[in-house]
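For reference, the structure discussed in these notes is given below.
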Protein chains: 2
Amino acid sequence: MSTPPKISRNPDRTRRKLLQAAIRLFSRHGLHAVSVDQVVGLARVNKRMVYHYFGSKDALFEAALAEVYKRIEAIEFHAVERGRSPREKLARLLESYFEFLDQEPEFTRLLQWENLEKGRHLTKENHLLSKNPFFERFRAIVQDGVAAGEFRADVDVTHLMIHFIGLCFIYHSNRFSLSQSLDLDLGQAKVKARGLSQVLRLVFEGIASPASAAKLGAA
Amino acid sequence: MSTPPKISRNPDRTRRKLLQAAIRLFSRHGLHAVSVDQVVGLARVNKRMVYHYFGSKDALFEAALAEVYKRIEAIEFHAVERGRSPREKLARLLESYFEFLDQEPEFTRLLQWENLEKGRHLTKENHLLSKNPFFERFRAIVQDGVAAGEFRADVDVTHLMIHFIGLCFIYHSNRFSLSQSLDLDLGQAKVKARGLSQVLRLVFEGIASPASAAKLGAA
DNA sequence: CCGGGCAGTAACCCACCGGTTACTCAGGCC
DNA sequence: GGCCTGAGTAACCGGTGGGTTACTGCCCGG
């Protein structure tokens, strides 16, 4: 074996365990509600190692954020390519993103904590600016759709992207207050499913070109 | 004078000062990043008073949340009634809400902290479930619009409300990560203004009935 | 086979945490 | 005018916070 199987000295493993514990705890409770002692307790690693590998609690949070952010790149967009038109492709892409947020609460929540901290940990040159496959596919598909006459020529792709992200995030970001105010549990699978279908409906009716809208209206 | 102007003993004033300081600090930094000492320091009040008036740090947070939540009720919706059609009224209402979020960051942020804490402080019987004028006007106007044939008969009012709130919130909740990823400062007034106009566009095209859509398309 | 750098440990630092004690005193009521 | 309740104060509590010190010993290059 290239790497020894059982070890008392294993830098990679220790680093990974710290990162994993940090992601879990910080995403659930936020940076300030979690102590370094709790992180190392969960990771079963000596406290000193946090400072050895990361330097500070803040830097550990930053590393955790960068780590979950990479998960976007792992979304499998192969279903998207099966769409036979820009409209179908966009629908698949949006479904993938909605699903992603739902299945990766560590990403969703960590990103929200970070935004509430005004992006303190992402202002530096970390990976968030690097090419995001979702953004790139989104832009390309919408442009194709406009070229094909399916979408309005005057759609603002950037704001449309923001809006779509907003339509997905709201089910998580304001889940508890909305659930209480509307007396409808947004955590239920069927509520989320209906939410997604209504989002798609709104978006597609909202950006359809007059010509394709007439077709949809007739159907 | 009914109330003496300078005082060493003034329950209302002390309570209000604590609440005000709590709202300011908790909305900016979150519950766990703010100490009771910081709150009483800003309020210039003795620490013991927090426990005298509220009982605990958590209860103080809860009171702060309830306080800002009441601000929704203070939104002036008079502009809404000037709309000459459901469509125009809805546009005014949406504008008011978007403005409200923008001008009341203490509300917006406190609500987000609370949702990340899974609604711990709003599960109890506080005012959040009580009638919310925005929700009520929204529902009524959409129903009028459907009856008047301006909006599709099959719009889901509840999800539409969620979606609209999501479209507004995203400009605040993910402001920093989106600004960095898109290389576009979402804090700028003109970006927000364009965002709002695009939101309205998306929503109205998205819920227009085929008949009224044809009219809009022709315009 | 041995020397040095790096992974890992235990114990410690002290400022500050949320919360409490024990107290003073202001002022409305009879 | 005395008294009782509640507003207000200062000092204090044990525990825990992020971060550090001083150390051990593994393992790889020579």
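In what follows, chains are A, B, ... by sequence order, proteins preceding strands, each numbered from 1.
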Checking [X] now: which residues fulfil ring pair (Phe, Tyr, Trp, His ring centres under 6.0 Å) with it, not counting sequence neighbours?
X	value
A/F26	A/F61
B/F151	none
B/F54	none

Using OP1 and OP2 only, check whether a side-chain N or O of A/S56 sits under 4.0 Å from D/dG18. no
| said: Below the 4.0 Å mark, does D/dG6 have OP1 or OP2 next to a side-chain nitrogen or oxygen of B/Y53? | reply: no
NZ/NE/NH1/NH2 to OD/OE distance under 4.0 Å, B/E136 and B/R139: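 Salt bridge absent between B/E136 and B/R139.
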>> Please determine whether a side-chain nitrogen of the Lys or Arg among A/D154 and B/R201 lies less than 4.0 Å from a carboxylate oxygen of the Asp or Glu.
In response: yes
What residues form a salt bridge (Lys or Arg N to Asp or Glu O under 4.0 Å) with [X], not counting sequence neighbours?
X	result
B/D12	none
B/R71	B/E104, B/E106
A/E76	none

For residues 21-40 of chain B, the side-chain hydrogen bond (donor to acceptor under 3.5 Å, both in side chains) pairs (sequence neighbours left out) are B/H32-B/E117, B/S35-B/Q38, B/D37-B/K47
Between [atom2] on [N] and [atom1] on [X], what's the gap in Å once rounded to a whole number?
X	N	atom1	atom2	result
A/D58	D/dG19	CG	C1'	13 Å
B/L60	C/dG19	CG	P	10 Å
B/R15	D/dG6	CZ	P	15 Å
A/Y51	D/dG18	OH	P	6 Å
B/H52	C/dA22	NE2	P	18 Å
B/N10	C/dA26	CG	C1'	12 Å
A/K47	D/dG17	NZ	P	8 Å
B/K17	D/dG8	NZ	C1'	12 Å

> Going by the salt bridge (Lys or Arg N to Asp or Glu O under 4.0 Å) test, which pairs reach into residues 163-178 of chain B, not counting sequence neighbours?
Replying inline: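 Every pair satisfying salt bridge (Lys or Arg N to Asp or Glu O under 4.0 Å) with a residue in residues 163-178 of chain B: there are none.
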A/M49 has its side chain closest, among D/dA7, C/dG8, C/dT20, to C/dG8
Open item on the list: Is it the case that over 12 heavy atoms from other parts of the model lie below 6.0 angstrom from the CD atom of B/E95?
Closed with: yes
Terminal axes of the helix from C/dC1-D/dG30 to C/dC30-D/dG1 (5 end pairs apiece), angle rounded to 10 degrees, sit apart by 0°
What I want to check is whether an N or O donor and acceptor connect the side chain of B/K57 with the base of C/dG19 at under 3.5 Å.
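No.
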Mind checking what makes side chain to side chain donor-acceptor pair (under 3.5 Å) contact with B/R92, not counting sequence neighbours?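 Result, side chain to side chain donor-acceptor pair (under 3.5 Å) vs B/R92: none returned.
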Please enumerate all protein N or O atoms sitting under 3.5 Å from an N or O of nucleotides 21-25 of chain D, with distances to 0.1 Å.
from   : atom 1 : to    : atom 2 : distance (Å)
D/dT21 : O4     : A/R48 : NE     : 3.2
D/dG25 : N2     : A/R9  : NH1    : 2.4
D/dG25 : N2     : A/R9  : NH2    : 2.9

Ordered by number, residues from residues 18-46 of chain B within less than 4.0 Å of DNA chain C (heavy atoms) are B/V34, B/S35, B/V36, B/D37
